K.L.:
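Take a look at this one; I'll ask things after.
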Amino acid sequence: MSQEAIKNALATVKYPGFSRDIVSFGLVRSIDFNDGKAVIGISVTSNDHSVAAQIRDDIEATLTELPEVSSTEINVSINPAKKAEAPGTQATPTGIPGVKHVIAVASGKGGVGKSTFSSNLACAISNLIASEGKRVGLLDCDIYGPSIPLMMGVGGRPEIEDESIIPIESHGIKIMSMGFLVDDDTPVVWRGPMIQKTISQFINNVKWGDLEIIVVDLPPGTGDAQLSLVQTIPLRGAIIVTTPQLAATQVAKRGARMLEKTNVPILGVAENMSYLESPDGSKSYIFGEGGGQQTATDLGVELLGQIPLDPSIREAGDKGTPITVANPESASAVAFEAIARTVVGLL
Ligand code: ADP
């Protein structure tokens, strides 16, 4: 039996509590197969030993079902979560203490309004659940142009307490951003290598507190940097943001395929800049029509909603108060609210 066949079997073993598998999370370190005996090396980064035990049991159960396998030896090495930050050590998601769901907002390319969408989604979700005492976080991983601090009206450096970073709060949302840590003149070539380690810290070393949802603003694009980033974050699912022109669907689908490679479920597609509404209520489809629906259909997921092209969305973002906070009654804010409602319902 080939190592590849065993690896395929291991790819059906889920990380406890997640929909993603242990292979895509990078836990499998070695696979040997000789005379019916499968010897598997696993490295688990977690402070919770029951996670390792569960993974070991699940691997055992999966492999013994294979007719070619007569015995198994599963060697698990456990690294406490903090060691994950050592250079060269790939962090494996352990779940963030106190945080119930982590969802990502992704796009195939920049400029589609991904950060605008992320900040408004976080605020719209908060508007819906704050009265139940539930809190929302926003994690800006856009290394190339972190715009969340500007859009949420925050700046400065976060405080450190007991070796943990305290997120900065604005509009009731707990925020962490690469923008708090790199200044504008940090050369972009340094950012790539920095990101993996920094994002691991955002996951392991930030005192998020009790949160219902963290919304993650992913960097645009579908390259290796984005892929390894997605593998570092314990994502429940992702939303793809696209613009309405049909040409954009190809790019959006590339983004979705990257997420699928890592078994992150696509929760749905949001179309941004869908139409410009005139005071008389008529709509102009400046950027074309149908891209969001087409992308959703092609991916076999739901179109979560359409956000109009609305100068007040941009103005609100530029002023640091997203429209969902500045003017929650406006048509644009209501469009964000409807999407937020659907997303909360999906979790
Ligand atoms: P991305 O994160 O995809 O690069 P941004 O969220 O930074 O995109 O948005 C790019 C620009 O477009 C910003 O100036 C933003 O204010 C503006 N923008 C985004 N969505 C809308 C919208 N629905 N209506 C008007 N302006 C928008």
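Just so you know, ligand 1 is whichever comes first in the structure, and atom 1 is the first atom listed for that ligand. Scope of the values below: all heavy atoms of this structure, side chains included, with no hydrogens, waters or symmetry mates. Numbers here simply count residues along the sequence, with the first being 1. Treat the numbers as computed from the prediction; the structure is a model and nothing was measured.
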K.L.:
How many angstroms lie between atom OG1 of Thr243 and atom CD1 of Ile307, to the nearest 0.5 angstrom?
P.N.:
13.5 Å

K.L.:
More than 12 heavy atoms of other residues, nucleotides or ligands under 6.0 Å from CG of Asp210: is that the case?
P.N.:
no

K.L.:
Between Lys100 and Glu212, is there a side-chain N and carboxylate O pair less than 4.0 Å apart?
P.N.:
yes

K.L.:
Could you tell me if Asn75 and Glu73 have a donor-acceptor pair between their side chains, going purely by distance under 3.5 Å?
P.N.:
yes

K.L.:
Between ligand 1 and the protein, find all N/O pairs closer than 3.5 Å and give the distance for each.
P.N.:
unit_1   : atom_1 : unit_2 : atom_2 : d
ligand 1 : 2 (O)  : Lys114 : N      : 3.4
ligand 1 : 2 (O)  : Ser115 : N      : 2.9
ligand 1 : 2 (O)  : Ser115 : OG     : 3.0
ligand 1 : 3 (O)  : Gly111 : N      : 3.2
ligand 1 : 3 (O)  : Val112 : N      : 3.1
ligand 1 : 3 (O)  : Gly113 : N      : 2.9
ligand 1 : 3 (O)  : Lys114 : N      : 2.8
ligand 1 : 4 (O)  : Gly111 : N      : 2.8
ligand 1 : 6 (O)  : Ser115 : N      : 3.3
ligand 1 : 6 (O)  : Thr116 : N      : 2.8
ligand 1 : 6 (O)  : Thr116 : OG1    : 2.6
ligand 1 : 8 (O)  : Gly113 : N      : 3.1
ligand 1 : 20 (N) : Asn272 : ND2    : 2.9
ligand 1 : 23 (N) : Asn272 : OD1    : 2.9
ligand 1 : 23 (N) : Pro308 : O      : 2.8
ligand 1 : 24 (N) : Asp310 : N      : 3.0
ligand 1 : 24 (N) : Asp310 : O      : 3.4

K.L.:
Do Thr297 and Gln293 have a side chain donor and acceptor closer than 3.5 Å?
P.N.:
yes

K.L.:
Report, as yes or no, whether the 6.0 Å neighbourhood of atom CD on Glu132 holds more than 12 heavy atoms from other residues, nucleotides or ligands.
P.N.:
yes

